Number of protein chains: 2
Amino acid sequence: MAKATSPDANAQSNEPALPIEPTLPNEPTLPEKPARPDRPTSFDIAYRAGVSQSTVSRALRDSPLVNKATRDRVQAIAKELNYKVDKVASNLRSQSTRTIALLLCEDPTSDDSMINPFFMSMLSSITRATARQGYDLLVSFQQLSEDWHADYEDTHRADGIILLGYGDYVSARPKLEKLKQAQARFMLWGPLIKDLPGHSIGCDNHLGGYVAGTHLLDSGRQQLAFLGDASQHCPEFRQRYLGYTDAITQRQLTFNPRLQYDAENTEMSGFDACLQLIDSGEPFDALMAASDLIAIGAIKAMQQRGLRVPEDVAVVGFDGIPSSAYVNPPLTTVMQDTQAAGDLLVDNLFKQFHGEPLTTTLLEPKLVVRESSGGTPDSSPQ
Amino acid sequence: MAKATSPDANAQSNEPALPIEPTLPNEPTLPEKPARPDRPTSFDIAYRAGVSQSTVSRALRDSPLVNKATRDRVQAIAKELNYKVDKVASNLRSQSTRTIALLLCEDPTSDDSMINPFFMSMLSSITRATARQGYDLLVSFQQLSEDWHADYEDTHRADGIILLGYGDYVSARPKLEKLKQAQARFMLWGPLIKDLPGHSIGCDNHLGGYVAGTHLLDSGRQQLAFLGDASQHCPEFRQRYLGYTDAITQRQLTFNPRLQYDAENTEMSGFDACLQLIDSGEPFDALMAASDLIAIGAIKAMQQRGLRVPEDVAVVGFDGIPSSAYVNPPLTTVMQDTQAAGDLLVDNLFKQFHGEPLTTTLLEPKLVVRESSGGTPDSSPQ
DNA sequence: CTGAAAGCGCTTACAG
DNA sequence: CTGAAAGCGCTTACAG
C-alpha cells in the first residue's frame, strides 16, 4: 500500500514533499489474520523528506556521507512516523543476522520441568553479553538425540552458535565435526579436550577438584569419597575427580577406589549413588560430589541413613548454584564464574566473526566454604 | 559465486543436468572475515535437479502442486548439498518471522547475577511451547526503564511478544498502550487488571492467598502476618494479600494491619521486612510471604532473632520455586503452574496471529505443604 | 504439474 | 553529498 506511492514521489520530486498520508483507504483486510497497520518503509520516509530512498538508508545509519541537515530531517521524520528499519530486509541485504543462537542441551533423563540451575546462570550472563554487542539471542533447548546439526547457521538464522550442556562429548562429537566442516562459527562450553572440533571455554575442573580435596584434607578428613561419573563420557566430572585424587596423592595418601560411585548430574542420581556408597559399608568421613545437584541428593541420602553432615561426613559440591546456599546444611562448593564464562563465550564468538585469534583461558573456580564441610555459618551468603 | 551459474543452468536446460561443482576457484577471500563456504541457494539445487527455482521452492515446502518424482529428486539433491532454505530470505518474502520475542523485565533493584527463579521456570516452558509450534524464541532481558516499546515488532524481528515481569503495571502501562496502538501482538504474564492494554494470562492470586490463609488457620494459627507490598503498584501481591485477609475475615476474625509489612520480591527485602515485623513487638504465630524469595529471607530473619519455624511461626510462601524445597525448613508454598502458564501464553499469542478469540483463564495455584507450616517432612519432594 | 517474473525492504557499489 | 540501480534468496501469483 504505502509502497505504491513511492514511485510517484520520485516522479514528482520537483514538487515540494507534502505530508500526504501515504496509506490508501481501500486496504484489503485479510479475514485470516487480524489487520495490522502498514509498517512504513524507507520509501515512505524518502517521500516525506523529499530525498531518495538511498539517502534515507544512509541517514538512518548515521552515515557521514550524508549532509547533517538532511540526516536530521530524515531522522526526525522517521521518528515521527515511528519508522524502524526492517531487520529482516536489512539482514538479507547485508548477509548478516546480528543474532546468536544459544543451544542448551538437556539431558533427556533430567526432570522435564527444571533446567539445570547452573545453565540458568550461564543463560543470564550470555544474554547480557550478547545484548551488549547489540545482538539478539535465539534460545533453544535441544535433546542430544535430536538432529540439530548446524541448523541455526544453515538456515541463516544466526551468525554463530553457543553450545551449552553437550557434556557427553563422545556422542556429540560427530555433530561438532559437522559444524566445523560447515565452517560454522560456534563456541562450546565445556572441557578442553584435545582435537575436539571447535573452540571451548571451560572451567579448570582439575584445579577445582584439587582445591576441594585439599580443603577436606586440611579439615582433618582422611577417607575421602567421590560421587560422579569419572569416565571418559563425562570429561568435566573426570577432571574434577583427577584433581581431587591428585590432592590426596600429593599428601602421600591413596584414594580408595571403592569410595567412588558414578552419578549423573541430578539430585536423584546423587541420592542413589550415595545410598550405594553408604550401604557398601566402606567407611568415609568426607565426600566430594561432582556437582551441587549430586551433593544435594547425597546429603539427603546421608540424612536418611542417619549420617550427620558435617560431623560424620564433610561434603563439598561443585558449581555454586543458587540453591547451594539454601540447602541444609549450606553447601560448601567449588563455584564457577558464570559471569566470566558467558562473557568469554560471547567475546570469542565475536572474535571468530572478525577473524581474530581466540583466547581460550581456563576459568579459575573458587572454593566457597559453608557449613557442610564444617565451615562457619557466617561464610554463607547474606 | 554459486549464483552466477544459475542463469546458465536455465539457458541450457535442454542439456541434462550435470553435477558440476557450482563454485568457482577464484573465490575472493575477505581479509576481515574468515572465509565461509558459499551457502548453496535454491538456484544451485534447481540447476542440479534440472528444474526451475520455483519448483525447488515448492518441492522443499512439500507442495502438492509438484510431481512426487520431481519433489523426491529435488529433496534428495538438497539433502546431498546440505541445502537449507534461507530463513531470512523466506521471512522477508513471506512477511513473517516465525519468531517470538520473550521480554523479561528485571527489577533494577534485584541482584544482577541472579534471575528470579520463577521466571526461569516460565522461560523453560515458553521455550518448549514455542519450539512445538516450529517457532524460534528471541530472549531479551530488559529494564523497565529502558525504552524498548514495540521494538521487536517494529523492527520486524518477531511476530509477537511475550512480556514477563512487568509487575508494576503503573509504570509499564504507557508502554503497553503504545504496543497496543501499534497493533502489536503480545501477551502479558500477570494480573488481570481491567482496561489494561493487551491480554494477560495470570495466576488466581486471590485464591492462592485464600488457600494459604485457610491452611494456616486450619493449623490452629491465630495471628497471621503478611509480608509483601500490597499496594496498587503490585497488583499480584495485592491480590494474594486480599485473598489471605478474606480467609481470615471469613472465620469472623480480623486481620491486624500492623502485621503487614511491605517487601519487594527479593530475599533481602523479605529479611528486612521480617526484622521490622519482629521488632515491632506485635505478636504473630503465622506468616504468609507474597513470594518464596520473601519467605526465604523472612525465615532467615526469624532464625536470627531466635524464632523457631514452624514451632513459633508457621510460614507459607508463594510461587513454588525450586529452592523452596531445599530451604531449612522446607517451605510450604502456593505453587504456580508454570507449565500451563507458558503453554497458555504461547497458545494465545498464536490465536492472535490467526485472529481467533483468546482464552484468558486464571490459573489455579496449588498449595504444597512442607515443614515450614508444620507439615510432615514426607510432603517435601524427595 | 511447471516456469518466468515480480517483489519482500533494505544496503551498497557506481556514477555523478 | 546524493540518486538510480542492482541484488540479497526466497515465495507466490500468473500463465501456461
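In what follows, every chain begins at residue 1, and chains take the letters A, B, ... in the order their sequences are listed. Remember, predicted model here, so these are calculated numbers, not experimental data.
Note on A:Tyr83: a side-chain N or O is less than 4.0 Å away from OP1 or OP2 of C:dC10. Remark: A:Arg93 is not in phosphate contact with D:dA6, judged by side-chain N or O atoms under 4.0 Å from OP1 or OP2. For the OP1/OP2 pair of D:dT2 and a distance below 4.0 Å, the side-chain nitrogens and oxygens of A:Thr55 include no atom meeting the criterion. For B:Ser52 and C:dT2, the shortest distance from a side-chain N or O to OP1 or OP2 is not below 4.0 Å. Taking 4.0 angstrom as the limit, A:Arg61 places none of its side-chain polar atoms (N or O) nearer than this to OP1 or OP2 of C:dC10.
With sequence neighbours excluded, the residues satisfying side chain to side chain contact (heavy atoms under 4.5 Å, CB included) with A:Asp72 are A:Lys68. For A:Ser125, the side chain to side chain contact (heavy atoms under 4.5 Å, CB included) partners at least two apart in sequence or on another chain are A:Gln339. Qualifying side chain to side chain contact (heavy atoms under 4.5 Å, CB included) partners for A:Arg61, counting only residues two or more places apart in sequence or in other chains: A:Ser57.
When all heavy atoms of A:Phe353 and A:Asp159 are compared, the closest pair comes out as CE2-O, 3.3 Å.
Atom C1' of nucleotide D:dC8 and atom NZ of A:Lys87 are separated by 17 Å, given to the nearest angstrom. Distance CD (B:Gln95) to P (C:dG9): 5 Å, rounded to an integer number of Å. Atom CZ of B:Arg157 is separated from atom P of C:dC10 by 14 Å (rounded to the nearest Å). D:dC8 atom C1' lies 13 Å from atom CD of B:Gln53, rounded to whole Å.
Looking at residues 66-77 of chain B, you'll see B:Val66, B:Asn67, B:Thr70 sit with a heavy atom under 4.0 Å from some atom of DNA chain C.
The separation of D:dG16 from D:dT12, taken at their C1' atoms, amounts to 16 Å, rounded to a whole angstrom.
A donor-acceptor contact under 3.5 angstrom links the side chains of B:Asp62 and B:Gln75, judged on distance only. In this model, no donor atom of one side chain and acceptor atom of the other lie less than 3.5 Å apart for B:Asn91 and B:Thr97.
Not a single donor-acceptor pair under 3.5 Å links the side chain of B:Gln183 to the backbone N or O of B:Lys180. Looking only at distances, no side-chain donor or acceptor of A:Asp136 sits under 3.5 Å from a matching main-chain atom of A:Thr99. Of the possible donor and acceptor atoms, one in the side chain of A:Thr127 sits under 3.5 Å from a partner among the backbone N and O of A:Leu123. No donor-acceptor distance shorter than 3.5 angstrom exists from the side chain of B:Asp44 to the backbone of B:Pro40, with no hydrogens or angles considered.
Side-chain proximity of A:Leu65 to D:dG9, D:dT12, D:dC1: nearest is D:dC1. Of all nucleotides listed (C:dC10, C:dC1, D:dC8), C:dC10 comes nearest to the side chain of A:Val85.
Heavy atoms of A:Ser90 sit under 4.0 angstrom from primed sugar atoms or phosphate atoms, though from no base atom.
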For DNA chain C, what string of dots and brackets results from 5' to 3' when Watson-Crick and G-U pairs need both distances under 3.5 Å, crossing pairs get [ ], and pairs with another strand get |? |||.||||||||.|||
If you restrict it to nitrogen or oxygen atoms, what contacts under 3.5 Å exist between nucleotides 13-16 of chain D and the protein, and what is each distance?
residue, atom, partner, partner atom, Å
D:dA13, N6, B:Arg58, NH2, 2.7

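Salt-bridge formation is not detected for the pair A:Asp343/A:Arg128: no Lys NZ or Arg NE/NH1/NH2 atom is positioned less than 4.0 Å from an Asp or Glu carboxylate oxygen.
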